[in-house]
Visitor: 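First the structure, which I've put down as structure tokens, then a few questions once you've had a look.
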Amino acid sequence: MILEDFVMNNHAWALGVDAGTCGEAIKAGVDLLVKAGAAEERYYQAVLDIKKEHGPYYVIAPGIAMPHARPESGALKTGFSLVTLKEPVEFGNPDNDPVDIVLCICAKDKNDLNNSVIIDAMTLLENGDIVDELRKAASEDDLKNIFAQVAAMNEQEE
Amino acid sequence: MIMVNATVTVTNATGLHTRPGTQFVQLAQKFQSDVVLKKQDREANAKSIIKVLKIGISQGDLITIEAAGCDETDAVSALTDFIRNLTE
């Protein structure tokens with residue numbers, strides 16, 4: 001899975017982050033994308049602008065947000081960052097607030113975003129047990145173990 | 001219970017990405033029928049955004065919307081209209 005390779009190889013993860021607001025939670029995620037060379041600094045503002053324009057539609061399941069912006073808003077290549085929060089924060093999505101898992105994504109063009117990046121993200125998040133384990137993850141080994149389980153499940157499917 | 005289906009081509013530029021995908025799922029959830037979205041050999045529960053996004057629907061894709069239940073005809077008609085009217 002590209003997601004696993006990117007997150008683990010670039011250390012694009014942070015567990016139990018202290019974020020007081022959804023802005024801080026998004027910042028934690030986008031900073032990891034920037035550090036990994038996948039996005040420019042301006043991507044953060046673009047993610048906030050998208051939320052202002054369209055609302056927090058990317059809070060896709062209870063407790064799970066997948067912040068992203070358009071490829072032309074500072075995405076340099078395909079990237080993912082995985083942040084879990086110590087305390088959940090409100091994104092303003094009545095169905096799925098509060099959020100404690102923030103998976104930021106970016107891609108160079110919209111086809112990559114739809115056809116590979118989002119599919120990988122959903123592969124990680126589609127199983128409730130995996131999501132519960134993500135919430136509890138406290139170390140790099142925990143993450144590796146979770147990714148190994150996801151890989152095993154997908155092999156079974158195919 | 002019979003089943004109703006319709007096939008439609010996705011023509012909007014960004015396909016069924018997160019935002020229209022979420023709207024599509026919310027519309028599907030208004031119906032009591034079970035609704036399945038199919039793209040080639042992949043299928044998804046149309047009431048789950050995670051499942052819908054996982055099959056990756058882009059511009060030019062031919063998709064089938066299949067519903068079974070008391071309001072199946074209305075569900076298929078509303079959801080195919082939704083896909084046809086996407087403009088983003």
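Sequence lines set the chain letters: A, B, ... in the order given, protein chains first and strands last, and positions in each chain run from 1. Only heavy atoms go into these numbers, but all of them, side chains included; no hydrogens, no water, no symmetry mates.
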Visitor: If you count heavy-atom pairs under 4.5 Å with chain A, which of B/A13, B/G15, B/G21 comes out on top?
Guide: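 Max contact count across the listed options: B/A13.
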Visitor: Under a 3.5 Å distance rule, please check whether B/D71 uses its side chain to pair with a backbone N or O of B/S33 as donor and acceptor.
Guide: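 Here the side-chain-to-backbone pair exists.
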Visitor: Under a 4.5 Å heavy-atom cut-off, does chain B meet the side chain of A/D120, its backbone, both or neither?
Guide: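 Neither part, no heavy atoms under 4.5 Å.
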Visitor: Testing the basics here: between A/A12 and A/L32, what is the closest heavy-atom pair and its distance to 0.1 Å?
Guide: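 Taking every non-hydrogen atom into account, C-CD1, 3.9 Å.
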Visitor: Given a strict heavy-atom distance threshold of 4.5 Å, which part of B/T14 is in contact with chain A: side chain, backbone, both, or neither?
Guide: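 Both the backbone and the side chain of B/T14 come within 4.5 Å of chain A.
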Visitor: Picking from B/I55, B/L53, B/V25, B/I57, which has the most non-hydrogen pairs under 4.5 angstrom with chain A?
Guide: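 Most heavy-atom pairs within the cutoff with chain A belong to B/L53.
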Visitor: Distance-only, no hydrogens or angles: does the B/D61 side chain make a donor-acceptor pair with backbone N or O of B/I63 under 3.5 Å?
Guide: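 It does not hold such a pair.
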Visitor: Can you hop from A/I130 to A/I119 via hydrophobic side chains spaced under 4.5 Å?
Guide: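 Shared cluster, no.
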